[in-house]
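Accompanying notes for the structure given below.
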Amino acid sequence: MRIIQRRIELKALEGQGWKMLYGRRKTGKTFLVQNFLDYDEFFFVGRDGVVYDRTNGGTMTSAEFINLFPRFLKSGRVVVDEFHRLPSRFLDVLHAYSGRGELILVTSTLWLSRRVLLSKESPLLGIVTPVRVGLIDEREILVELSRELGGRELVEASAYLREPLLIQPYRPSLREFLTDYLFSAGLMIRELIGETFTEEVKELTAVYEVIMKGIADGKRTSTELSSLLYSRGLIEKDNPGVLQRYLLILTDMGILRKLPVTGKRRRKFSYQHSSPLLDLHFYLEEKYAYTELETPREFIARAVNEKVPKAVEGFVESLLSKVYGLRPVRIEKPKLELDIALQGFNRLELVGEVKWKKRVKREEVRRLEDRLGKFKCRRVLIVPSEDVLEKKPEDIEVLTPEELLELARESLKNMERK
């Protein structure tokens, strides 16, 4: 088994008090608690409301569990997994017994996370410390997979295996694996966010799905997404302001990344999928409705080959932003749009391009030198190997998978020292 230690999330769970782990389904919340945290009682709430005692065995009704809950709190650290399935009065019980004992709540629903995190009327506001469990950190997955992979395959696999669901079934090569996986298990991928939306009305679920399809198809701003939703009859007016609550929720849940656009006088943002797997899935849904219509394997393979380099761009940008403590942004001017742009307090600190191909021609390197030369900051070029370059660029640092791995290792060591 491949076991990826979630040291960053575990650090956030240190200390006493009440914690709530939240995030999209299949991001490893339950696995993290069961395998890396100490607890005295572990309860899992089934879809039918039956409560399973994972520590001592047996079951009980929701009413029985709620009545016994104050007693459980006295026994030590208590875990309640999928607690949102309990009757709503459980939230009032939590409020009544707040501050007593140690408690870890786990949920994957959108509505409850929003209620707890965003609502001033939330009975849990200020009582629990929210800890979002998203995809595996880029540094951790890169270092762990380096035990068995290297070079191009290491980076490509790391970009997608941040998705915990893929860790165990993965076998090289990544592109063939993704093609086979999507061809046979496309319907299952819908379950990654299925329960996130189960408490929402169908109209809202449709809005969320079209937003995610649109982003996967390259519509990254609220203006573009508003026009798309209006054209499909899902909103009454073509008004980007209407979408803000949906986009806020999707970013808070870790489903989308929100990147500021630099150079704009008014605030503008670009959105992208946090998960390259979901990006690929929704792209195929938008183009081919591949989970509903029979789609040739060749169509999926073509989409995989098109999307993998883009996934590598996002992976490296996020990796470098964490290594150097900088914020990813987007460049406003189309002619200067870059794969990587990282900003410090008030100016760009690092810009870069990713050339994830078998050969980078001399003319392409020259254009790259001219393009990056317009920025007075650190400039980098990321390639799968220096051998792909017909010409080494001047005044541009070349980073290969080996250099990225060393940066990830050093960053984790620095984090552990703090």
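A cation-pi arrangement is present between K307 and Y283 under the rule of less than 6.0 angstrom and at most 45 degrees off the ring axis. Judged by a 6.0 Å distance limit and a 45° cone about the ring axis, R302 is positioned over the six-membered ring of F299. A cation-pi geometry, defined here as NZ or CZ lying under 6.0 Å from the six-membered ring centre and within 45° of its normal, holds between K258 and F269.
Aromatic ring pairs are classed by plane angle as parallel below 30°, tilted from 30° to 60° and perpendicular above 60°; the pair F43 and F72 is tilted. The aromatic rings of Y52 and F44 sit tilted relative to each other, their planes meeting at an angle between 30° and 60°.
For the pairing with I340, the side-chain contact (heavy atoms from CB on, under 4.5 Å) check across L319, V354, L381, V351 returns one residue only, V354. When L13, L105, T107 are each tested for a side-chain contact (heavy atoms from CB on, under 4.5 Å) with L21, only one passes: L13.
When side chains are defined from C-beta on, P384 does not count as touching K355, because their heavy atoms never get closer than 4.5 Å.
With sequence neighbours excluded, the residues forming a ring-ring contact (aromatic ring centres under 6.0 Å, His included) with Y290 are H281, listed by chain and number. With sequence neighbours left out, the ring-ring contact (aromatic ring centres under 6.0 Å, His included) criterion links Y271 to no other residue. By the ring-ring contact (aromatic ring centres under 6.0 Å, His included) test, F375 is found to be paired with no residue, residues two or more places apart in sequence or in another chain being considered.
Listed for the T262 side chain is no donor-acceptor partner under 3.5 Å among the backbone atoms of I331. Within the 3.5 Å criterion, the main-chain N or O of D387 finds a donor-acceptor partner in the side chain of R359.
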Stepwise side-chain hydrogen bond (donor to acceptor under 3.5 Å, both in side chains) test for Y39 and E102: CA-CA 9 Å; Y39 55 84; E102 290 191 62; over 6 Å; no
Step-by-step side-chain hydrogen bond (donor to acceptor under 3.5 Å, both in side chains) determination, R139 to S411: CA-CA 8 Å; R139 296 163 292 181; S411 180; 2.9 Å; yes
